[in-house]
Amino acid sequence: SQTIHQWPATLVQPVGSPLSLECTVEGTSNPNLYWYRQAAGRGLQLLFYSVGIGQISSEVPQNLSASRPQDRQFILSSKKLLLSDSGFYLCAWSTRTGAFFGQGTRLTVV
Amino acid sequence: DAKTTQPTSMDCAEGRAANLPCNHSTISGNEYVYWYRQIHSQGPQYIIHGLKNNETNEMASLIITEDRKSSTLILPHATLRDTAVYYCIVRRPTNYGQNFVFGPGTRLSVLP
């Protein structure tokens, strides 16, 4: 069966520090992969999606970037975090008819 | 993808059926209705989806009106663990750049 791993679960980082969140998927090949962010009490906002290695599409301009170095690996990064980058970050993968989410990373920028 | 509207919040007594409505009046013929839920500080969990016919699985039932402009998610015997935010989404199956657009959802509180 397919599983999705996302880490770390929580992260506290100072303003101006770099960020790297990693997501890996098992049990499937060539998945569509996504990074979402959720602000407190709000819906999910799509940040990036990828349909293949090295192929990244950005939905909103921001201080973050994404990379897909391997078929089942998706990385969310920042060179310098802002206070506004705080939130709950979710990795997801999808089939043609459904999407499945990791357990999320709660990032607090202080 | 079509927009959905859901009530902001609902309460349900433990052991009773929870009926969560969703309006999607602009849904097109090839768009499916999906339901997800999100328990606090966890990733959204897939519940069920359907196109035209009513659907049932081990978690819930999905009732879609004949005109497909609205649907209802039914949790037949709600438990305290069903307390979560429930999202109704309509979208068409595609192979590329699939974007599940999550609105604010309905916050369901199951009360003892």
Side-chain angles (χ1 to χ4, degrees), chain A residues 1-11 21 23 25 28 30-52 55-60 66 68 74 86-108, chain B residues 1-9 22 24 30-53 55 57-60 62 64 73 83-109:
Chain A
S1 64
Q2 299 90 352
T3 57
I4 182 167
H5 301 280
Q6 185 182 343
W7 66 93
T10 60
L11 190 60
L21 302 181
C23 171
V25 180
T28 184
N30 196 29
N32 290 338
L33 297 174
Y34 308 82
W35 279 109
Y36 285 84
R37 176 170 60 198
Q38 185 175 35
R42 307 289 293 276
L44 276 67
Q45 177 188 35
L46 179 65
L47 301 176
F48 300 96
Y49 68 88
S50 171
V51 300
Q55 301 180 63
I56 309 294
S57 295
S58 175
E59 287 294 297
V60 294
R68 186 167 176 177
F74 204 22
S86 293
F88 190 51
Y89 289 83
L90 287 154
C91 179
W93 72 279
S94 69
T95 65
R96 190 169 180 270
T97 57
F100 304 91
F101 291 80
Q103 287 303 298
T105 296
R106 185 161 301 283
L107 172 67
T108 304
Chain B
D1 294 329
K3 182 179 177 180
T4 63
T5 55
Q6 300 176 251
T8 302
S9 63
C22 179
H24 31 79
N30 62 348
E31 287 182 317
Y32 284 70
V33 180
Y34 289 80
W35 283 85
Y36 284 77
R37 73 179 182 184
Q38 187 175 22
I39 297 170
H40 182 63
S41 294
Q42 297 183 23
Q45 176 189 24
Y46 167 82
I47 301 174
I48 199 168
H49 76 283
L51 181 63
K52 295 181 180 179
N53 300 322
E55 301 288 345
N57 62 21
E58 65 278 5
M59 291 182 67
L62 173 60
I64 302 174
L73 179 74
T83 293
V85 177
Y86 287 77
Y87 299 99
C88 171
I89 301 162
V90 293
R91 63 180 296 282
R92 64 188 185 280
T94 63
N95 289 322
Y96 299 105
Q98 300 173 35
N99 181 9
F100 281 76
V101 178
F102 286 76
T106 295
R107 183 171 297 278
L108 174 68
S109 298

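Each chain gets a letter, A, B and so on, in the order its sequence line appears, and its residues count up from 1.
Taking the ring-ring contact (aromatic ring centres under 6.0 Å, His included) definition, one finds that A:Phe48 meets it with nothing, sequence neighbours left out. In this view, B:Trp35 satisfies the ring-ring contact (aromatic ring centres under 6.0 Å, His included) rule with no residue, not counting sequence neighbours.
In plain terms, the two heavy atoms of A:Leu90 and B:Pro44 that are nearest each other are CD1-CD, 3.7 Å. Minimum heavy-atom separation, A:Phe88 to B:Gln38: CE2-NE2, 3.7 Å.
Among A:Leu44, A:Ile4, A:Leu33, the residue making the largest number of heavy-atom pairs under 4.5 Å with chain B is A:Leu44.
In this structure, no portion of A:Gln45 lies under 4.5 Å from any heavy atom of chain B.
Within 6.0 Å of CZ on B:Arg107 lie no more than 12 heavy atoms contributed by other residues, nucleotides or ligands.
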